[in-house]
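Heads up: the structure comes next, in C-alpha cells.
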Protein chains: 2
Amino acid sequence: MSVKQHIKEYKRELVLEAAAKLFYEKGFQKTTIDDIGAALGVTKPFIYTYFENKYAILEQLFDQSYGDLYVDLTQVLNDKKGSAKDRLQRFVALYVAKNIEYQKFSAIMLEEEKSLSSKKIGDIRRKQRDFDARLARLIEEGASNGEFHVSDPMIASLAISGMVRWTHRWYSPQGRLSVADLTRTMSDLALNLVGCVRA
Amino acid sequence: MSVKQHIKEYKRELVLEAAAKLFYEKGFQKTTIDDIGAALGVTKPFIYTYFENKYAILEQLFDQSYGDLYVDLTQVLNDKKGSAKDRLQRFVALYVAKNIEYQKFSAIMLEEEKSLSSKKIGDIRRKQRDFDARLARLIEEGASNGEFHVSDPMIASLAISGMVRWTHRWYSPQGRLSVADLTRTMSDLALNLVGCVRA
DNA sequence: GATCCAATATACTGGGTAGTATATTTATTT
DNA sequence: AAATAAATATACTACCCAGTATATTGGATC
C-alpha cells in the first residue's frame with residue numbers, strides 16, 4: 001500500500017474514532033456530521049470523502065466492533081483443549097476484559113442497534129444467537145461430564161452474556177477495582193452460576 | 001374525579017401506550033409525533049393537548065416504568081423477614097417476571113436513556129445505584145451469616161442485575177419456556193451465582 | 001515558479017419534523 | 001334549537017441537518 005493510501009486509511013480511522021466518541025456520548029441520531037467534523041477541526045465534505053453517508057459510519061463501527069469483540073472469543077469457545085471449567089473461566093475473563101477495553105463500542109452496539117437497517121439488525125442478531133449457542137454448547141459439555149450442574153445450558157449461557165455485557169454500564173477504570181480484579185471475580189461468579197464443583 | 005377528567009386521563013394513557021409501542025419498535029428519535037397520532041387515528045394537536053412536547057412523553061414513560069418495575073422490588077429488598085436465600089429467590093423471580101411483563105418499557109429504559117435530559121439521566125442512575133446497593137446489602141447479609149459464599153457482594157449484585165435485565169432481549173413468550181419456567185431457572189442461577197448452599 | 005491535480009472549504013438546497021395559529025367540528029348549556 | 005365552550009383538525013412556520021455543487025487552497029510535477 002502506498003503512503004498516500006496509508007494516510008487516507010488513517011484519516012478514515014480518525015473519523016471513525018471521533019464518531020464513536022460522539023455516538024457514545026450523545027447517541028447516533030443526536031450527533032450531526034458537523035459535530036464529527038468539528039471534533040476533528042474539519043468540515044462536512046471531508047467526512048463525505050471517506051464515508052458515503054452518516055449511516056455508513058455507524059455500520060462500519062458495528063462491523064469493526066463486532067470483529068474486535070467476538071472473533072477471539074469465538075476462537076476460545078471453539079478450542080476443545082482443557083476442561084470445560086478452564087475454558088469457561090478463560091472465556092468469561094476474556095469476555096469481560098474485551099467489554100471493558102471496548103467499552104464505548106459495547107455501549108454503542110447495545111444502544112444503537114435500532115439505528116441500523118433491518119438487514120444489518122438481522123445479521124447482528126444471527127451472529128449473536130450463534131455466539132450464545134456456542135457458549136451454551138460449552139456449558140452443556142461441562143454439564144454432561146459432571147463438571148457443571150445446570151438445568152438449562154441455553155439460559156445459563158444467556159445469563160452469563162447478560163451479566164458480562166452489563167459491565168460496561170457500571171465499571172469505571174477509576175474505581176476501586178482493577179480490570180484484573182473484575183475479570184477474576186466475574187469468571188468466578190460465572191463458574192458459580194453453572195454450579196461448577198469448586199476446589 | 002369527574003367523568004371528564006377520567007376520560008382525559010384515559011386519552012393521555014392511550015397516547016403513552018401508542019408512544020411506547022413506537023419508541024420500542026423504532027426508537028424515540030425516529031418516531032415522529034405524527035406517527036403517534038397516526039397510530040391513534042388522530043392528529044398532532046391532539047397529542048399536544050396532553051403533553052407539552054415530545055420529550056415530556058418520554059420522560060413520563062420513564063417515570064411510570066421506573067415505578068412499575070422498581071417500587072415492588074424495592075419493597076421485597078427491604079423486607080427483612082425470611083432467610084437471605086428465600087428473599088433473594090423471591091426477589092430474582094419477581095425481577096425477571098417484571099422485566100418480561102414490562103418488556104417494552106425495560107427495552108426503552110435501556111436504549112433511550114441518552115434521549116433524556118442530563119438531569120433526568122442523573123436521577124435515574126442515582127436510583128439505579130441505590131437499588132443495586134440494596135441488593136448488594138441483601139447478598140452481604142447472606143454472606144455474613146454463611147448462607148452465601150461470595151467475595152464481592154456489590155459485583156454479585158451487578159451481575160445479577162445484568163443477567164436479569166438482559167432477559168428482555170432474548171425471551172419470547174412464544175418460545176419453549178413459560179414465564180414461570182424462566183423465573184424459576186433464573187432465580188436458581190442467581191442462587192448458584194452467590195454460592196448459596198443448596199438443599 | 002507555472003501548471004495541474006487532489007484535498008478540503010464555502011455556500012447552498014431540499015426534505016423532514018417539532019411546534020403553533022387558525023378554522024371547524026362536536027358537545028354542553030340555557 | 002341558539003349560544004357558547006371544548007376538543008380536534010387543517011394549514012402553516014421555522015428550524016435543523018444530511019447531502020452536494022462550486023470555489024479555493026496547497027502540494028506534486030514539469
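Reminder, nothing fancy here: chain letters follow the sequence lines and each chain counts from 1.
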How close or far is atom P of dT17(C) from atom CD of Q29(A), stated in whole angstroms? 11 Å
Presence of K11(A) side-chain N/O under 4.0 Å of dT8(C) phosphate oxygens OP1/OP2: yes
Under the criterion side-chain hydrogen bond (donor to acceptor under 3.5 Å, both in side chains), which of R125(B), Q128(B), K120(B) is the partner of E113(B)? R125(B)
For the hydrophobic clusters of this structure (ILVMFWY residues joined by side-chain heavy atoms under 4.5 Å, transitively), does one cluster hold both F62(A) and V71(A)? no
Do K54(B) and F28(B) meet the cation-pi criteria used here (NZ or CZ under 6.0 Å from the six-membered ring centre, within 45° of the axis)? yes
Is the side chain of D35(A) donor-acceptor paired with the backbone N or O of T32(A) at a distance under 3.5 Å, no angle test? yes
Can you find a donor-acceptor N/O pair under 3.5 angstrom joining the side chain of K44(B) to the base of dA9(D)? no
Between CD1 of I7(A) and P of dG27(D) the distance, given in whole Å, is 12 Å
Side-chain donor/acceptor contact of K54(A) with base of dG19(D) under 3.5 Å: no
Rounded to the nearest Å, what distance is computed from the CZ atom of residue F46(B) to the C1' atom of nucleotide dA18(C)? 18 Å
May I have the distance from F28(A) (atom CZ) to dA18(D) (atom C1'), rounded to whole angstrom? 11 Å
5'-most by nearest nucleotide on DNA chain D - E52(A) or K30(A): K30(A)
Rounded to the nearest angstrom, tell me the gap between atom CD in Q5(B) and atom C1' in dA7(D). 16 Å
Which whole-number value in Å describes the distance from L40(A) CG to dT8(C) C1'? 13 Å
Which part of the nucleic acid, if any, lies within reach of Y48(B) when heavy atoms closer than 4.0 Å are counted: base, sugar-phosphate only, or nothing? base
So which nucleotide from dT10(C), dG19(C), dT20(C) ends up closest to the side chain of P45(B)? dT20(C)
Whole-Å gap separating P (dC16(D)) and CG (D35(A)): 13 Å
Looking at Y50(B), does any N or O in its side chain come under 4.0 Å of the phosphate oxygens OP1/OP2 on dT8(D)? yes
Expressed in angstrom and rounded to an integer, what is the separation of I36(B) atom CD1 from dT17(C) atom P? 12 Å
Taking NZ, NE, NH1 and NH2 as the nitrogens, is one of them in R129(B) or D132(B) under 4.0 Å from a carboxylate oxygen of the other? no
Toward the 5' end of DNA chain C, by each residue's nearest nucleotide, T43(A) or I33(B): T43(A)
Looking at Y55(B), does any N or O in its side chain come under 4.0 Å of the phosphate oxygens OP1/OP2 on dG19(C)? no
